[in-house]
Structures are given as C-alpha cells and as structure tokens.
Amino acid sequence: MMLAAISANSQTFVKIGELELALKSPISITKEKDTVKEYNYGKHKKGYRTYFDEFYIGYGQVMNTSEETYMPVYFGNSYNLEIGWKYFHRPAKFYAIGTSFRYTSNSFRLTPEAVEQSGGFFPEADGEPYRQFFRTDNLGTSLINRVYLYSGRSARPVFLEFGAYADYAFSKRYKVKSRVDGDKVKSKYRDGSKFNPVEAGLNGGIGYKDIMIFAKYRMTNYFNKDYSMNELPRWSVGVQFNL
C-alpha cells in the first residue's frame, strides 16, 4: 500500500511498506521502526519460566570405590548410556522440582577373573573367550530437585540437581565373544531367575546452561541374593547434554 501526505512546510512524504521517502532536496529515505510485541511463553512475571522441559542424552563411566569388594571389570570399557526427557515446575526463582522418563543401557566388561569367581553363575562359553560383558536395558523414572546457584540474565543458569531414580531392567544378559576353531563366535545367555529386575539409587550433578556433570549411585543389587556373588561397581560419573 502507498500512502502520501503533505506537511506544513510543503514537504511530501511517500510510504512504501516500511520505507518512508521525503520528497525534498535532497531526497531522504527512512525506515519505520518495528513495533516490538512481547509474548509470555509461560514466563513468570519475574522473568523465568514456571514450567519447562528438557530432552537430554548422557554418558557415564563406571567407577571403582572401596566401600565393598566388587566383581572385577575393565574400567574405561564399562559404561552407561542414557536418553531421556525431564519436566520441571519452578515455583521460585532459586528452586524447581521435576521428574524424568528415560531409557538406559548399562554395559560392564568383565575380566576373566570375574567369570572364574562367579562359580558357574556366568555359564562357560564355547571355545576360548576373549571378551565378556554383563549388559542391561532399562526404562525408568526419577524425582529431581534443582537448586539454582546463580540466575543472572541466563534462561539456563548454574544449578545443582539431586534426587532418586528407579529403573526396570527389561533385558539382562551375559554376552561372550570367543574363538572356536579360529572363528569368532558371539553368544548370549539369559536367565531371569539370577538377576533382580528393579534398579534403584541416588543421583545428582552440577550444571551450566545445557551441560551437566553427574554422579549416580546404585543402591540395589544386580544379582539374586540366593547366589553368593560380589556385586558390580555401583558408582558411575559422566556428562549430560540437553538436545
């Protein structure tokens, strides 16, 4: 649309979209300032969102500690991978409470000594084993407390997280890679009576923006109490990234 107006000093102004032309000597061209519209998007009147969610991926390494005797594993080759969704309610600037739903994969690479110490708990593989794993796939949830240490002007400030989690292990297996007559063979063994289906524990971390360093401690046992088995390491430490 084109609009024209004559001012008191005989200058003519022509407007084309956001451009305004002043027909005088010399001719000048100006751009109309944008009108800024403010949207809430669920923000509290003090400037932060009272409800929000986060999709994340995490990777942690199994850690060795000394509070009990553990089944020996290869550290660096034993890990957990986690993909999930967090949902929070933030009733105050310094605090939020939430929950998460996630999938977790745990992988423990066992040493030959671990298999020998199991007393037949892990079945003997064919041929000559050279890699042995205990692995689980889990679906779980957690209760999360988040305390903001510094808000500033950032939408995702420095924060602490701590809470508890519970997972259901829908898949538990002992996996062996061995050599049989010069060929590499992969074998999987499953026996639900030997393993506990529920995993529960505590977790926490410190984060900044979209990155969090976390630690997780498993309180439950992997193996059925009817078997005299040393447990696998309970601690893992890693990093989470918001997607």
Side-chain angles (χ1 to χ4, degrees), residues 56-84 100 102-125 129-144 160-178 187-207 212-241:
Y56 71 94
I57 183 170
Y59 176 82
Q61 280 284 326
V62 172
M63 303 298 294
N64 189 20
T65 54
S66 59
E67 72 266 20
E68 64 179 287
T69 301
Y70 293 118
M71 182 178 297
V73 300
Y74 287 106
F75 296 99
N77 288 320
S78 299
Y79 63 89
N80 55 73
L81 178 66
E82 187 174 315
I83 301 173
S100 72
R102 65 182 182 275
Y103 160 79
T104 306
S105 174
N106 298 311
S107 179
F108 298 87
R109 185 180 173 188
L110 308 176
T111 67
E113 292 78 15
V115 180
E116 293 172 2
Q117 293 173 12
S118 72
F121 182 89
F122 294 113
E124 185 176 348
Y130 64 93
R131 285 195 178 183
Q132 300 155 108
F133 301 89
F134 173 68
R135 288 175 172 167
T136 72
D137 292 303
N138 314 310
L139 293 176
T141 185
S142 65
L143 175 66
I144 308 170
L160 289 176
E161 276 191 11
F162 58 92
Y165 73 92
D167 288 348
Y168 173 73
F170 63 87
S171 176
K172 305 170 289 292
R173 66 235 182 241
Y174 170 55
K175 183 176 180 180
V176 185
K177 296 181 179 181
S178 57
S187 304
K188 292 182 182 180
Y189 302 91
R190 303 174 187 268
D191 186 346
S193 66
K194 293 184 176 182
F195 308 111
N196 293 321
V198 176
E199 176 185 337
L202 303 175
N203 55 4
I206 181 168
M212 184 178 75
I213 304 299
F214 74 88
K216 181 167 68 173
Y217 177 74
R218 175 175 51 85
M219 301 179 67
T220 56
N221 294 334
Y222 273 132
F223 308 125
N224 191 308
K225 63 181 181 180
D226 295 334
Y227 297 88
S228 299
M229 290 280 293
N230 288 332
E231 275 296 318
L232 290 162
R234 299 181 184 274
W235 283 96
S236 64
V237 176
V239 61
Q240 289 182 3
F241 301 92

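Residue numbers count from 1 along this sequence. Computed over heavy atoms, backbone and side chain alike; hydrogens, waters and symmetry mates excluded.
Under the 6.0 Å distance and 45° angle rule, Lys175 does not count as a cation-pi partner of Phe134.
Put simply, CG on Leu143 and CG on Asn203 are 9.5 Å apart, with the number rounded to the nearest 0.5 Å. Here Met219 contributes atom CE and Arg234 contributes atom CZ; the two are 9.0 Å apart, rounded to the nearest 0.5 Å. To the nearest 0.5 Å, the span separating CG on Asn138 from OG on Ser105 amounts to 8.0 Å. In this structure, Ile57 CD1 and Ile83 CD1 are separated by 4.5 Å, a value rounded to the nearest 0.5 Å. A distance of 9.0 Å separates CD in Glu82 from OH in Tyr165, rounded to the nearest 0.5 Å. Lys177 NZ to Ser187 OG: the interatomic distance, rounded to the nearest 0.5 Å, is 11.5 Å.
Contact detail for Leu81 and Gly58: the closest heavy-atom pair is CD1-O, 3.4 Å. The shortest non-hydrogen separation linking Ala114 to Pro72 is CB-O, 3.3 Å. Annotation for Thr111 and Val73: closest pair CG2-C, 3.8 Å, computed over non-hydrogen atoms. Phe108 and Asn106 make their closest contact through CE1-CB, 4.1 Å (heavy atoms, listed as atom of the first residue, atom of the second, distance). Scanning all heavy atoms of the two residues, the minimum distance from Thr220 to Ala200 falls at OG1-N, 3.1 Å. Pairing each heavy atom of Met71 with each of Asn230, the nearest pair is CE-O, 3.4 Å.
With a 4.5 Å cut-off on side-chain heavy atoms, Phe75 and Asn64 count as touching. Using a 4.5 Å cut-off on side-chain heavy atoms (C-beta onward), Ile144 and Ser100 make contact. Side-chain contact between Asn221 and Met229: absent, with no pair of heavy atoms (C-beta onward) separated by less than 4.5 Å. Two residues are said to be in side-chain contact when any heavy atoms from C-beta on lie closer than 4.5 Å; Phe170 and Asp137 meet this criterion. The closest side-chain heavy-atom distance from Arg218 to Glu199 is below 4.5 Å. The side-chain heavy atoms of Thr104 and Leu139, taken from C-beta on, include no pair separated by under 4.5 Å. Looking only at side-chain heavy atoms (C-beta outward), Tyr59 and Gln240 stay at 4.5 Å or farther from each other. At least one side-chain heavy atom of Leu110 sits less than 4.5 Å from a side-chain heavy atom of Tyr174.
A donor-acceptor pair is defined here as one N or O able to donate and one able to accept, closer than 3.5 Å; no such pair exists between the side chain of Arg190 and the backbone of Ser171. In this structure, the side chain of Gln61 engages the main chain of Gly76 through a donor-acceptor pair within 3.5 Å. Under the 3.5 Å distance criterion, the side-chain polar atoms of Thr136 are left unmatched by any main-chain donor or acceptor of Lys172.
With salt bridges taken as basic N to acidic carboxylate O contacts below 4.0 Å, one links Asp167 and Arg102.
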Q: Show your reasoning for whether side-chain contact (heavy atoms from CB on, under 4.5 Å) applies to Phe133 and Val176.
A: CA-CA 6 Å; Phe133 301 89; Val176 185; over 6 Å; no
Q: Could you check Asn196 against Tyr222 for side-chain hydrogen bond (donor to acceptor under 3.5 Å, both in side chains), going step by step and ending with a plain yes or no?
A: CA-CA 5 Å; Asn196 293 321; Tyr222 273 132; over 6 Å; no
**Q.** Intermediate values then yes/no, side-chain contact (heavy atoms from CB on, under 4.5 Å), Val62 and Trp235
**A.** CA-CA 6 Å; Val62 172; Trp235 283 96; over 6 Å; no
Q) Going through the distances and angles, do Ser107 and Arg109 end up as a side-chain hydrogen bond (donor to acceptor under 3.5 Å, both in side chains)? A) CA-CA 7 Å; Ser107 179; Arg109 185 180 173 188; over 6 Å; no
